[in-house]
Undergrad: 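Please see the structure below; I have some questions.
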Amino acid sequence: EIAILDKQKEIDSFEYSCSDDEYDEMLDDVYGDVEICGMNYSSSQALKELDPVAYNCGKGDYEANYDLDNCEEYSDLKDELESLENKLSDLENDLDELNEQLDSLENEE
């Protein structure tokens, strides 16, 4: 049970963090290229260079609102928790069966 509680704490405290490349890709997919004085730049490059504070704030918002079910690391933690819970359930069932067998043996005496 301690392992289950520890795993649940790990899930509850999980914070998603993305790389600049991942955030850049999202910005570029959503906003495409921008034109400045006849030159084309990716949205991520332009925002990062022209307003790094806005870039970092946007990245923080993106991370805070990210759907964790799409995060492999988070999904792995949930799978590990489910596996631990299944093992505990199996052990509890085995214990119940052993107790029933013990009761049956005691009643035969």
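None of these values were measured; they are calculated from a predicted model.
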Undergrad: K7 and salt bridge (charged side-chain N to carboxylate O under 4.0 Å, His left out): which partner among E82, E80, E85?
TA: E80

Undergrad: So, taking the atom named OH in Y55 and the one named CG in L50, what distance separates them when rounded to the nearest 0.5 Å?
TA: 13.0 Å

Undergrad: Please list all pairs meeting side-chain hydrogen bond (donor to acceptor under 3.5 Å, both in side chains) that have one or both residues in residues 38-50, counting only residues at least two apart or in different chains.
TA: D24-K48, D28-S44, S42-S44

Undergrad: Under 4.5 Å between side-chain heavy atoms, hopping through other hydrophobics if needed: is there a path connecting L47 to V34?
TA: no

Undergrad: Going by the rule side-chain contact (heavy atoms from CB on, under 4.5 Å), which residues pair with Q8 if we only count those two or more places apart in sequence or in a different chain?
TA: I11, D12, L81

Undergrad: May I ask you to check whether over 12 heavy atoms, not counting those of E73, lie within 6.0 Å of atom CD?
TA: no

Undergrad: Roughly how far, to the nearest 0.5 Å, is CG of L84 from CD1 of I2?
TA: 12.5 Å

Undergrad: Rounded to the nearest 0.5 Å, what separation is found between the CD atom of E15 and the CG atom of L68?
TA: 10.0 Å

Undergrad: Enter the distance from D79:CG to E72:CD here, rounded to the nearest 0.5 Å.
TA: 10.0 Å

Undergrad: Does CD in E63 sit with more than 12 non-hydrogen atoms of other residues, nucleotides or ligands closer than 6.0 Å?
TA: yes

Undergrad: May I ask you to check whether over 12 heavy atoms, not counting those of Y31, lie within 6.0 Å of atom OH?
TA: no

Undergrad: Distance check, rounded to the nearest 0.5 Å: L95 atom CG versus D90 atom CG?
TA: 12.5 Å

Undergrad: What is the minimum heavy-atom distance between E22 and Y66, and which atoms define it?
TA: OE2-CE1, 4.0 Å

Undergrad: What closest approach, in Å, do Y23 and G58 show between heavy atoms, and which atom pair accounts for it?
TA: OH-C, 3.1 Å

Undergrad: CG/D61 to CG/N56 distance, rounded to the nearest 0.5 angstrom?
TA: 11.0 Å

Undergrad: Look at the side chain of K9 and the backbone N and O of I4, then say whether any donor-acceptor pair between them is shorter than 3.5 Å.
TA: no

